[in-house]
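Working notes for the structure below.
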Amino acid sequence: MSNQPIGVFDSGVGGTSIWKEIQKLLPNENTIYLADSKNAPYGEKSKEEILQLSIKNTDLLLEKGCKIIVVACNTATTNAISYLRANYNLPFIGIEPAIKPAALQSESKTIGVLATKGTLSSSLFHSTSENHAHGIKVIEQEGTGLVPLIENGKVDAEETRLLLNTYVEPMLDQGMDCLVLGCTHYPYLIPVLKRMLPVHVKIIDSGEAVARQVKAILEKNDILNTSEKLVKHQFYTNVNPDVLKNFVEGVAANISVNQLDF
Ligand code: DGL
């Protein structure tokens, strides 16, 4: 069982930001990554559609023998993880906007959350926000349009910078000193954001914390891969694989990126 891969899925290339943290922390683990780019952006879909897509991705990862599944997508986590946990017999690890660490670090008591409409409208996001942001002003900003640009490889294009700026500026005007990246595509915008934001504004994302949680769950279930054998990282996308290749090739040994209809 411990040799079985860790399954990871996202609506596209964004979850590779989480996969990279997992691979760094757990280099002995085999992985399978599904980029459902054909159906991106999830953030504009209904809760029911996001649920059905999450079930489809889970079934495929199970078919491929995964031992645990990482839902490397805030939108799918906040809309579907409770269903997945209740209906499948393996551990799921999800990702949610890091409101708690931001609330603890904010001196201006004003934090910004940049996330998809699907995440910001979910009840899980609202309950996390209510539980962890007492006395903190939480500015919610939908990042509409950013995911398609990143899916097209336009991470540092002028249109991406301009759009991002329209989202960030109003939050700065309201005194934000912590910006929570509530979508796994957005860590790829960090270099652009660093040029855009005053130095005192902290950028907070949950990638490393998710990787630590994956390790803890593998240990708890006694399925950590301790074998020193060369591991395999299989990536599957349901669109042209060129963009996904740019995000992952060269990051680790033995990576294959394939197109698959799913
Ligand atoms: N990467 C995703 C997230 O973390 C999904 C974005 C989307 O497809 O809208 O929310």
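Start at 1 and go down the list; that is how both ligands and their atoms are numbered. From a predicted model like this one, the values you see are computed outputs, not experimental measurements.
Of the possible polar contacts, one joining the D177 side chain to the S108 backbone as a donor-acceptor pair under 3.5 Å is found. At distances below 3.5 Å, not a single donor-acceptor pair connects side-chain atoms of S106 with backbone N or O atoms of A102.
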Margin query: Please evaluate residues E21 and K24 with respect to the criterion salt bridge (Lys or Arg N to Asp or Glu O under 4.0 Å), reporting the C-alpha separation (whole Å), side-chain torsions for both, the decisive distance (0.1 Å), and the verdict.
Written below: CA-CA 5 Å; E21 298 292 347; K24 201 158 67 179; 3.7 Å; yes

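An N or O contact shorter than 3.5 Å links D10 to ligand 1 by distance.
Both the backbone and the side chain of T75 come within contact range of ligand 1, each with a heavy atom under 4.0 Å. Of all the heavy atoms of V147, the ones lying under 4.0 Å from any atom of ligand 1 belong exclusively to the side chain.
Considering only non-hydrogen atoms, atom 9 (O) of ligand 1 lies nearest to G43 out of G143, A76, G43.
Atoms of ligand 1 found under 4.0 Å from any heavy atom of P41, numbered from 1 in the order shown, are 7 (C), 8 (O), 9 (O). Near H185, meaning under 4.0 Å from any of its heavy atoms, are these atoms of ligand 1: 1 (N), 2 (C). Every atom of ligand 1 is numbered from 1 in the order shown, and the set under 4.0 Å from a heavy atom of T116 is 6 (C), 9 (O), 10 (O). Of all the atoms in ligand 1, the ones that sit under 4.0 Å from a non-hydrogen atom of S11 are 5 (C), 6 (C), 7 (C), 8 (O).
Listed here is the closest heavy atom pair of D205 and P187: OD2-CG, 3.9 Å.
Both I203 and L189 belong to a single network of hydrophobic side chains, linked directly or stepwise wherever heavy atoms of I, L, V, M, F, W or Y lie under 4.5 Å apart.
Inspection of the S37 and E151 side chains reveals an N or O donor paired with an N or O acceptor under 3.5 Å.
Taking atom 7 (C) of ligand 1 as the reference point, the nearest protein heavy-atom neighbour is Y42 N, 3.3 Å.
Counting heavy atoms from C-beta on, the side chains of W19 and V251 come closer than 4.5 Å.
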